[in-house]
2 protein chains.
Amino acid sequence: MKIRVILADDHRIILAALSSLLARTADIEVIGEATSGAELLEMLTRMQPDIVVTDIAMPGMTGLEAARRIAEIDPDLPVLALSGHTDKHFVLGMFNAGVRGYLVKSAAGDELPRAIRAVAAGDTYLSGEVAGALAEGVRAGHTAERAGPRLGPRELQVLTLLAAGKSSKLIAMELQISPATVEVHRRNIMRKLDLHSVAELTKYAVREGLTDP
Amino acid sequence: MKIRVILADDHRIILAALSSLLARTADIEVIGEATSGAELLEMLTRMQPDIVVTDIAMPGMTGLEAARRIAEIDPDLPVLALSGHTDKHFVLGMFNAGVRGYLVKSAAGDELPRAIRAVAAGDTYLSGEVAGALAEGVRAGHTAERAGPRLGPRELQVLTLLAAGKSSKLIAMELQISPATVEVHRRNIMRKLDLHSVAELTKYAVREGLTDP
DNA sequence: CGCCGACTACCGGTAAACCGGTAGTCCCGT
DNA sequence: ACGGGACTACCGGTTTACCGGTAGTCGGCG
């Protein structure tokens, strides 16, 4: 019984390459490939995979948004997130959104099939690099609790898109919510962080690794 | 006679996946895989590939720097750059640094072997998405010779203060000039850099080291 | 159960960003 | 000498940021 996988990545070359890599694994079968969050969700209404493997950075839908939508469609469907960075806030947000595995791209190639098998079997998979970052956060204890004003997953999404230079209207369209709501999110973020300009928010996002400078 | 390729990407999963994808192509052979710019340069002192395929975003060495170093080692070695974004200044910079092909990751999977064959044969390869951006740039009067948009000293001052989160009015008071003049400076900066939001200007300033994130 | 935080959404308002011009001075390079 | 870029400054316009409220649902927590 092969593990049936749907792959998602907006970079089609990477998508084809990952598919090729998984094709070499005897017990894993790629039954669908999506190049956007919307396409992935549409695919899930027609197919019943054992697991979804998706890049967290896709235009039009962030990884957090995709994870929430997938959980709405099928809360029991395991999702393995593929990410380039190890920001702990983001990782925690993804797990809160229902993701069951988090794999950084800098991990070894053979970690991907292992992660897929683990998550498909109902386990939780966490890359070593991310585990270290999370442990550091826990070890610091007070750092994670007090020093960092905690933003909700939606707020992290909005902050990331703001740091990308997008307007509230654009962000609203991408997140499929009202511009007024995006406004409120931005204002709450500014209040929590005590930052009152897009420039400062952008630098904060860069410091937190939410976006590349 | 197979085309001998050295692959470089800091994301090892992607590296393995790309290698797997190329292994399916009969006339292309991956003879080396590097996970950092330094490892790639070291590899080039021992091996003689027909072409280097490298991601432009690697920690410890930017794509521009890697391209220059490779050109120092062997000016005739074709380099195909793999990138996620289509910023035209960056693309022009890469070509000025000696790169002979530029492929965006969102291109179709079969574009990679085609690009490799073209570049290995001495041709220049450019993804369609990037070609559009470059054509636009040429039409606007930007020639390949001046890839680096030069900012005047006053413009650099204004950019730094903008990245600090200050308003035009505040900047005007600090620089002892009219707010209208600050406006003009900001608009000229945005036109030159082709960036149209404070968030993007801020990230540019961080990249250029004008301010700390 | 009630409170609080997150998320959703709206109204109204002031300030600022953003874009299109025009225009003068200065200096530098062809 | 003439063009071009930098710096200075203004006019007018649309869009967005930013701040002050209010208000509903939902889930968690004491």
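The chains referred to below are lettered A, B, ... by the order of the sequence lines, with proteins before strands, and numbering in each begins at 1.
Of the listed residues (Leu210(B), Asn188(B), Val158(B), Leu159(B)), just one forms a side chain to side chain contact (heavy atoms under 4.5 Å, CB included) with Leu151(B), and that residue is Leu159(B).
Looking at Thr202(B), its side chain does come within 3.5 Å of a backbone N or O of Val198(B) through a donor-acceptor pair. Using a distance-only test at 3.5 Å, with no hydrogens or angles considered, no donor-acceptor pair links the side chain of Ser19(A) to the main chain of Leu15(A). Lys203(B) contributes a side-chain N or O that, together with a main-chain N or O of Ala163(A), makes up a donor-acceptor pair within less than 3.5 Å. Judged purely by atom type and a 3.5 angstrom limit, Ser20(A) uses its side chain to pair as donor or acceptor with the backbone of Ser20(B).
Atom CG of Leu201(B) and atom P of dT16(D) are 17 Å apart (whole Å). In this structure, the NZ atom of Lys169(A) is 9 Å from the P atom of dA17(D), given to the nearest Å.
Remark: Asp27(A) pairs with Arg117(A) by the side chain to side chain donor-acceptor pair (under 3.5 Å) rule, at least two apart or across chains. Take Arg186(B) and apply the salt bridge (Lys or Arg N to Asp or Glu O under 4.0 Å) test, not counting sequence neighbours, and it matches Glu183(B). Partners of Glu155(B) under the salt bridge (Lys or Arg N to Asp or Glu O under 4.0 Å) rule, at least two apart in sequence or in another chain, are Lys192(B).
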Protein-proximity profile, nucleotides 25-30 of chain D, B/S/- by nucleotide at the 4.0 Å heavy-atom cutoff, equals ------

Determine, step by step, whether Lys105(B) and Asp55(B) satisfy the salt bridge (charged side-chain N to carboxylate O under 4.0 Å, His left out) criterion, reporting the C-alpha distance in whole Å, the side-chain angles of both residues, the deciding distance to 0.1 Å, and the verdict.
CA-CA 9 Å; Lys105(B) 289 178 183 171; Asp55(B) 193 326; 2.8 Å; yes

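Checking the phosphate oxygens (OP1, OP2) of dT15(D), no side-chain nitrogen or oxygen of Ser167(A) falls inside 4.0 Å.
Protein chain B contacts DNA chain C over a range whose 5' and 3' limits, counting nucleotides with an atom under 4.0 angstrom from a non-hydrogen atom, are dA16(C) to dG21(C).
Proximity of Ser106(B) to Asp10(A): side-chain heavy atoms (C-beta onward) are nowhere separated by under 4.5 Å.
Near-neighbour residues of DNA chain D inside residues 176-191 of chain A, defined by a heavy atom below 4.0 Å, number-ordered: Glu183(A), Arg186(A), Arg187(A), Met190(A).
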